[in-house]
Amino acid sequence: MERLDELIQTTLTRHPLVDAVKLTGSRANESALSLSDWDFEVETSDFESLKEDLPELTASLAPLAQFWDPYSERANYILLLRGPVKVDLIFSDQPWQQAGPWQVNADTLPAIDRHFWDWTLWLAAKQQRGDEDLVSAELAKMHRMLLGPLGVEQSPATIRDAITCYLDKREEREGEFGLRLPRELGLQVVRRLRGEGFEI
């Protein structure tokens with residue numbers, strides 16, 4: 001069976017504008033834990049053109065979600081693969097304009113859902129590593145940028161709290177907008193965290 005890093009590299013280097021793909025971060029230095037994401041530095045001679053082609057280029061990986069990280073300081077394309085497994089395609093030489101808090105409406109709710117579950121999976125990886133100060137700071141940021149705009153009044157104290165209040169407000173907004181969002185990504189994240197010993 002092909003390793004994930006080899007699969008990502010093979011998938012991306014099919015594109016003529018991809019000059020190099022390099023595994024980096026904890027997966028590269030062998031300090032990764034079970035929930036750690038897979039970070040790849042991607043080099044390209046034409047970022048704007050490649051940016052448009054990434055959804056089609058990565059379609060063979062069958063991602064549960066894919067989107068540009070709205071709060072990164074550098075261009076970072078996120079893939080959530082089945083498992084779920086978080087993959088970050090990082091373009092370090094490409095600055096990124098960070099977005100503000102989410103504006104909640106019928107058009108943005110699906111993207112908010114994808115972002116919430118990605119953020120939650122990432123937070124769980126940091127908690128697994130024991131970085132409690134970062135987790136607390138990020139939960140406060142999540143409230144400012146995502147949960148607060150949805151209508152959550154207080155910042156969550158734990159990842160479990162964040163999930164509980166998110167699900168409650170998501171249901172309210174679905175009713176308000178007449179929507180029913182896909183559930184598979186959220187179900188996989190919750191199942192994975194429970195399997196890792198999180199009380200969710």
Side-chain angles (χ1 to χ4, degrees), residues 1-29 32 34-126 138 141-142 145-146 149 179 181-189 192:
M1 182 177 179
E2 190 172 16
R3 284 168 43 99
L4 180 58
D5 56 334
E6 295 171 347
L7 177 60
I8 296 295
Q9 290 169 335
T10 299
T11 299
L12 295 181
T13 54
R14 291 200 308 258
H15 198 289
L17 294 178
V18 175
D19 299 325
V21 180
K22 180 183 178 181
L23 181 67
T24 187
S26 63
R27 295 286 179 181
N29 63 30
S34 57
L35 288 174
S36 297
D37 52 8
W38 292 76
D39 295 328
F40 294 87
E41 291 275 359
V42 183
E43 297 179 12
T44 177
S45 55
D46 187 346
F47 173 71
E48 292 301 326
S49 295
L50 179 59
K51 178 182 174 182
E52 298 300 319
D53 293 345
L54 275 176
E56 182 178 355
L57 180 61
T58 58
S60 63
L61 301 171
L64 295 164
Q66 52 188 321
F67 58 95
W68 291 97
D69 186 345
Y71 301 136
S72 178
E73 295 181 354
R74 54 189 178 174
N76 178 25
Y77 193 66
I78 295 171
L79 300 170
L80 291 174
L81 308 183
R82 291 196 172 275
V85 175
K86 177 174 166 58
V87 175
D88 288 353
L89 306 181
I90 303 164
F91 299 81
S92 292
D93 59 346
Q94 298 296 328
W96 193 254
Q97 182 63 47
Q98 295 184 46
W102 277 101
Q103 301 296 311
V104 181
N105 54 56
D107 292 331
T108 61
L109 196 61
I112 289 171
D113 190 67
R114 293 189 292 269
H115 187 204
F116 173 79
W117 292 117
D118 169 75
W119 205 339
T120 298
L121 186 62
W122 180 80
L123 277 174
K126 299 309 178 186
E138 286 291 321
K141 181 179 178 181
M142 179 188 280
M145 307 301 259
L146 190 155
L179 297 176
L181 299 181
R183 296 312 202 232
E184 185 60 26
L185 175 58
L187 289 173
Q188 287 202 23
V189 170
R192 178 74 191 276

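The structure presented is a predicted model; accordingly, all values stated were derived computationally and were not measured.
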Checklist entry - Going by the angle between their ring planes, with limits at 30° and 60°, are H115 and W102 parallel, tilted or perpendicular? => result tilted
Checklist entry - When rounded to the nearest 0.5 angstrom, what is the spacing between OG in S26 and CH2 in W38? => result 9.0 Å
Item to check | Pairs flagged by side chain to side chain donor-acceptor pair (under 3.5 Å) wherever residues 74-90 is involved - sequence neighbours left out | outcome: Q66-Y77, R74-S92, K86-D88, K86-D118
Checklist entry - Considering only heavy atoms from C-beta outward, does the side chain of P63 approach that of L80 to under 4.5 Å? => result no
Checklist entry - Which atom pair, heavy atoms only, marks the closest approach of Q188 to P84? => result O-CD, 3.2 Å
Checklist entry - Does the side chain of V189 reach to within under 4.5 Å of the side chain of F116, using non-hydrogen atoms? => result no
Checklist entry - Is there a side-chain contact between F91 and L50, using heavy atoms and a 4.5 Å cut-off? => result yes
Item to check | Worked check of side chain to side chain contact (heavy atoms under 4.5 Å, CB included) between W119 and K141 | outcome: CA-CA 11 Å; W119 205 339; K141 181 179 178 181; 3.9 Å; yes
Checklist entry - Does the W96 side chain pair with the main chain of D69, one donor and one acceptor, at a distance under 3.5 Å? => result yes
Next on the checklist: Measuring from atom CD of E6 to atom CG of L23, what distance do you get when rounded to the nearest 0.5 angstrom?
Outcome noted: 10.5 Å
Next on the checklist: Within this structure, what is the CG-OH distance for the pair L146 and Y71, rounded to the nearest 0.5 Å?
Outcome noted: 6.5 Å
Item to check | Distance (rounded to the nearest 0.5 Å) between L17 CG and E52 CD | outcome: 12.0 Å
Item to check | Atom of L181, atom of P110 and distance for their closest heavy-atom approach | outcome: CD2-CG, 3.8 Å
Checklist entry - Heavy-atom distance under 4.5 Å between the side chains of T11 and V21, does that happen here? => result no
Item to check | Distance (rounded to the nearest 0.5 Å) between W117 CH2 and R192 CZ | outcome: 14.5 Å
Checklist entry - Under 6.0 Å between the ring centres of F47 and W68? => result yes
Item to check | Minimum heavy-atom distance L123-E138, with the two atoms named | outcome: CD2-CB, 3.3 Å
Next on the checklist: Do L4 and L81 make a side-chain contact, defined as non-hydrogen atoms from C-beta onward lying under 4.5 Å apart?
Outcome noted: yes
Next on the checklist: Take a 6.0 Å sphere around CD of E73 and say whether it holds more than 12 heavy atoms from other residues, nucleotides or ligands.
Outcome noted: no
Item to check | Check: S49/D46 side-chain N/O donor and acceptor closer than 3.5 Å | outcome: yes
Item to check | Where N105 and D107 come nearest, the two heavy atoms and their spacing | outcome: OD1-N, 2.9 Å
Next on the checklist: Assess the residue pair D5 and R27 against the criterion (side chain to side chain contact (heavy atoms under 4.5 Å, CB included)); give the C-alpha distance rounded to whole Å, side-chain angles, the decisive distance to 0.1 Å, and a yes or no.
Outcome noted: CA-CA 9 Å; D5 56 334; R27 295 286 179 181; over 6 Å; no
Checklist outcome for this item: Heavy atoms of A99 and M145 approach each other most closely as O-CE, 3.8 Å
Checklist entry - Can you find a heavy atom in the side chain of R114 that is under 4.5 Å from one in the side chain of I78? => result no
Next on the checklist: Once rounded to the nearest 0.5 Å, what's the spacing between atom CG of L7 and atom CG of L61?
Outcome noted: 5.0 Å
Next on the checklist: With heavy-atom distances below 4.5 Å as the criterion, would you say the side chains of T58 and I8 are in contact?
Outcome noted: no
Next on the checklist: In the structure I gave you, are the side-chain heavy atoms of T44 and K51 within less than 4.5 Å of one another anywhere?
Outcome noted: no
Item to check | Residues that D19 engages under side-chain hydrogen bond (donor to acceptor under 3.5 Å, both in side chains), provided they are two or more places apart | outcome: none
